[in-house]
Structures are given as structure tokens and as C-alpha cells.
Novice: 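Below you'll find the structure I mean.
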Amino acid sequence: MLSLQNFAEDRLAGLEARGQRRGVEATDRGGGVWVERGGRRLLSFSCNDYLGLSVHPRVKAAAVAAVEAHGVGAGASRLVTGDHPLMGELEAKLAAWKGTEDAVVFGSGYLANTGIIPTLIGPGDLLVVDALAHACIWAGSRLTGAEVVTMRHNDPAYLDEILSARRSQAGRVLVATDGVFSMDGDVAPLDRLAEVCARHDAWLLSDDAHGLGVLAGGHGSAALFPGADIPLQMGTLSKAVGGYGGYLCASKAVVALMRSRARTFVYSTGLPPASAAAAIAALDIIAEDPALCARPLSHARAFTAALNLPPAESPIVAVVLGASDTALAASKALREQGLLVVAIRPPTVPDGTARLRIAFSALHTDADVARLVEAVRPLLLEAAA
Ligand SMILES: *Cc1c(COP(=O)(O)O)cnc(C)c1O
């Protein structure tokens with residue numbers, strides 16, 4: 001079809017002109033933070049595998065054993081025959097670790113948010129979303145038919161204003177935020193958001209994709225705020241947990257509702273058994289080793305201190321450089337020195353805030369961090385000049 005071909009080519013040309021065209025590059029991560037790309041070995045600061053569990057011998061062995069015992073795929077939706085025995089064990093472990101009544105596992109974090117949000121909220125309801133929330137929260141929001149309002153980033157007073165003005169006209173109200181923001185690395189003020197939500201009978205959903213395993217002894221961002229009522233705690237098994245899958249920790253009733261009604265749970269094949277087995281092994285390691293869980297943040301703090309940046313709140317540090325070209329050039333310069341640090345550009349982040357996004361891992365050594373500091377220092381000076 002010529003029209004299809006023309007459409008794709010025109011769109012690509014437009015993206016190219018705006019510096020927004022993207023592509024994939026084969027990357028072998030078999031060595032954890034040492035990756036191979038284009039025949040070169042690079043030290044990566046771009047993986048979300050914060051604890052190196054994707055390559056941990058115990059985690060790999062658990063996955064291999066599960067493949068031998070149960071095969072490679074779930075074979076059907078979990079509601080049909082895809083609920084292999086490891087799933088229940090994984091869900092019990094997640095609920096216990098997060099301190100909730102129950103948990104439900106989805107195929108991925110993206111599938112979790114696009115399933116959870118429209119199960120709880122619909123036409124006539126109100127959904128308030130932090131301006132910098134992850135793309136899959138926005139994707140879930142679009143599926144609701146509810147009125148969607150953007151909340152100024154990390155601003156509980158603003159949330160209070162929105163809810164004071166609009167709560168009475170809405171049916172149910174959901175407030176959705178990242179616990180740790182994926183592109184900035186800052187932590188949401190979950191205690192104050194929870195307090196505002198409680199006063200207005202609004203349900204708080206926190207996405208802990210980047211908190212589990214690395215904050216509060218590995219318990220995640222909600223555990224930084226003991227006592228805060230966060231009834232919907234979702235997250236992913238694909239970052240610090242090292243494998244794949246998404247989850248929601250919540251009350252028994254909410255979890256049961258998801259199993260009956262969340263479309264991405266009902267109509268999508270269950271997680272492969274090996275992914276569940278890997279996550280179980282990884283969660284055991286997280287629970288056993290708080291020192292391991294603390295390392296990524298401690299590296300991030302060493303980095304921000306050395307460069308006089310605001311203290312890191314999570315293992316993610318954004319070095320905002322401004323224009324897409326500047327960020328791409330910085331990433332290229334680092335790569336020439338053997339360091340893999342991706343540039344993140346609009347539309348993933350707001351215009352004018354293209355950046356280097358640095359993710360620290362427990363597998364990095366202090367010397368690795370020092371090397372990155374010296375490589376980034378001149379780039380910061382250049383961008384400021
Ligand atoms: C990565 C991420 C997700 C998506 O999780 P996947 O398991 O990779 O689909 C959701 N929310 C946030 C904040 C993320 O960073």
C-alpha cells in the first residue's frame with residue numbers, strides 16, 4: 001500500500017527533523033554492568049537492573065529449573081490454564097514484602113497500569129495524574145473515559161485544590177503517581193499525597209517500579225513513609241527484581257476484582273513460569289541482603305556529591321542538559337570513552353529538558369562511579385557555558 005508507505009516515511013522524516021527518531025541497538029548484557037554493543041565492551045549506566053539480579057547465579061538457576069519443570073510458556077490466560085503453581089507463591093511473597101493483604105501479578109508493569117486504572121475508574125469519575133508520571137499510567141488513563149486532570153509535579157497542595165474544587169462532582173476519584181520518577185529519580189511525597197487523598201476520599205495509586213529493591217531496605221518507596229495509607233501499590237519485576245512481570249499489592253477485595261475484571265489480566269497470557277521463579281528467587285535475595293539493596297543509592301549519592309548536584313533520592317540521576325542535540329552529543333562523547341549513558345529526549349521528557357539519565361547498580365564499583373564523575377564533569381561545564 002503506497003499510502004501506508006508514504007505515511008510511515010513522512011512520519012519518520014518529521015521525527016528525524018525534530019531529533020526524535022529512535023532505533024534499537026543489539027546489546028549483550030550477559031555481564032551485568034559490562035555490556036557489549038557493536039563489538040565493543042562498555043560500562044553501562046543505563047540499565048534498571050539495579051541489583052544485578054538479572055545475571056545472579058541463584059536467580060538464573062531458579063529460572064532454568066522452572067523451565068525444566070514447567071516449560072517455557074504459561075499456555076493461556078491465568079483464568080484458563082495459565083496459573084501455574086509458582087504464581088501464587090510469588091503473589092504471597094510480594095504481599096508479605098509490601099505489607100498488603102494480597103497481590104496480583106500481571107504480564108508487565110505496563111500491562112498492570114493499563115489494566116488496573118480502567119478497572120477502578122470510568123465515565124463520571126475523576127483521575128488526577130502527576131505531570132511526570134510514567135507513560136503507562138497515562139495509557140491506562142486514556143482507557144477510562146473519566147475526566148483526567150494533570151497534577152503539578154509532586155505538589156500535594158495543588159492536589160488539595162483540585163480535589164476541593166472537583167471532588168463533589170465526581171463519582172470515584174483515583175490519584176496516580178510514580179513513587180520514584182523514572183526520568184528524574186525524585187521521590188513522590190507519598191505521605192502528604194495520602195493525607196490529601198484521605199480527606200477527599202480519593203484512592204492513591206503509587207507506581208514503585210524504581211523503588212522496590214533499592215529504597216527503604218528494599219521494601220520500596222512507600223516504606224519511606226511508614227503509616228501513609230497507599231491502598232494501591234503497583235510495580236514491576238523487570239527492574240531491581242531483574243526479570244519480567246508487573247504486580248499490584250492491595251487489599252484482598254481489590255486484588256480479587258483485578259482477577260475478574262482487569263482486561264490485561266483476563267485477556268492476556270500469564271507470565272511464563274520461569275519469570276515467576278526468577279522473581280521469587282530475586283525477592284528472597286532482596287530480603288536477605290539489605291546492604292546490597294543500599295548500594296545503588298549510595299553510589300548515586302557519591303556521584304551527585306562529587307558534582308555538586310542536588311543529592312540523589314534514588315539510584316536514578318538526571319543530568320539535564322537542555323537541547324536534544326546537546327544530550328545526544330554528551331552521550332556520544334561518553335560512549336567514546338567506553339561509558340554507556342543514554343540520552344533521554346522529548347517526548348519522553350518535557351521539551352528543553354533532554355538529559356543524560358544515569359542509573360547506578362550494586363554491580364558498579366566505587367572506581368566505576370569515580371570514572372563516570374570525571375567523564376561527566378566537563379560535559380556539565382560545557383552545558384553551563
Ligand atoms: C518501567 C516502568 C513501568 C513499566 O514496567 P514494565 O514492567 O517494564 O512494563 C511502569 N512504571 C514505571 C514508573 C516504570 O519506570
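Here the structure is a predicted model, which means the values were calculated and not measured. All ligand and atom numbering here is 1-based and tracks the order in the structure.
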Novice: Which of the numbered atoms in ligand 1 are below 4.0 angstrom from a heavy atom of Asp178?
Specialist: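 It comes down to these atoms of ligand 1: 13 (C).
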Novice: I'd like to know if the side chain of Thr114 reaches the main chain of Tyr110, judged simply by a donor and an acceptor atom lying under 3.5 Å from each other, with no hydrogens or angles considered.
Specialist: yes
Novice: Atoms of ligand 1 less than 4.0 Å from Ala209 heavy atoms?
Specialist: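 In order of numbering, the contacting atoms are 2 (C), 11 (N), 12 (C), 13 (C), 14 (C), 15 (O).
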Novice: Just to confirm my output: which protein heavy-atom neighbour is closest to atom 8 (O) of ligand 1, and how far is it?
Specialist: Ser238 OG, 3.3 Å
Novice: Under a 3.5 Å distance rule, please check whether Arg40 uses its side chain to pair with a backbone N or O of Arg335 as donor and acceptor.
Specialist: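 Flag set: sc Arg40 to bb Arg335 pair under 3.5 Å.
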Novice: On a heavy-atom basis, I'd like to know which of Tyr110, Tyr244, Phe181 is closest to atom 9 (O) of ligand 1.
Specialist: Tyr110
Novice: Closer than 4.0 Å to some heavy atom of Ser182 - which atoms of ligand 1 meet that?
Specialist: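 With Ser182 as reference, the close atoms of ligand 1 come out as 15 (O).
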Novice: Same cluster or not: are Leu132 and Val349 linked, directly or through other Ile, Leu, Val, Met, Phe, Trp or Tyr residues, by side-chain heavy atoms under 4.5 angstrom apart?
Specialist: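 Different clusters.
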Novice: For atom 5 (O) of ligand 1, grab the closest protein heavy atom and report residue, atom and distance to one decimal in Å.
Specialist: Gly109 CA, 3.4 Å
Novice: If a pair satisfies ring-ring contact (aromatic ring centres under 6.0 Å, His included) and one of its residues is in residues 272-313, list it, with sequence neighbours excluded.
Specialist: Phe303-Phe360
Novice: Is it true that Cys136 lies under 4.0 Å from ligand 1, counting heavy atoms only?
Specialist: yes
Novice: If the condition is side-chain hydrogen bond (donor to acceptor under 3.5 Å, both in side chains), which residues does Thr348 pass it with, not counting sequence neighbours?
Specialist: Arg22
Novice: Is the backbone of Lys239 close enough, under 3.5 Å, to the side chain of Asn48 for a donor and an acceptor to pair up by distance?
Specialist: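 Checked: no pair found.
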Novice: Just going by heavy-atom distances, which of Asp207, Thr236, Val180 is nearest to atom 11 (N) of ligand 1?
Specialist: Asp207
Novice: Do Phe181 and His210 have their ring centres less than 6.0 Å from each other?
Specialist: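 No, too far apart.
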Novice: Could you find the nearest protein heavy atom to atom 1 (C) of ligand 1 and give me its residue, atom name and distance?
Specialist: Lys239 NZ, 1.4 Å
Novice: Distance under 4.0 Å to a non-hydrogen atom of His210: what atoms of ligand 1 satisfy this?
Specialist: 14 (C), 15 (O)
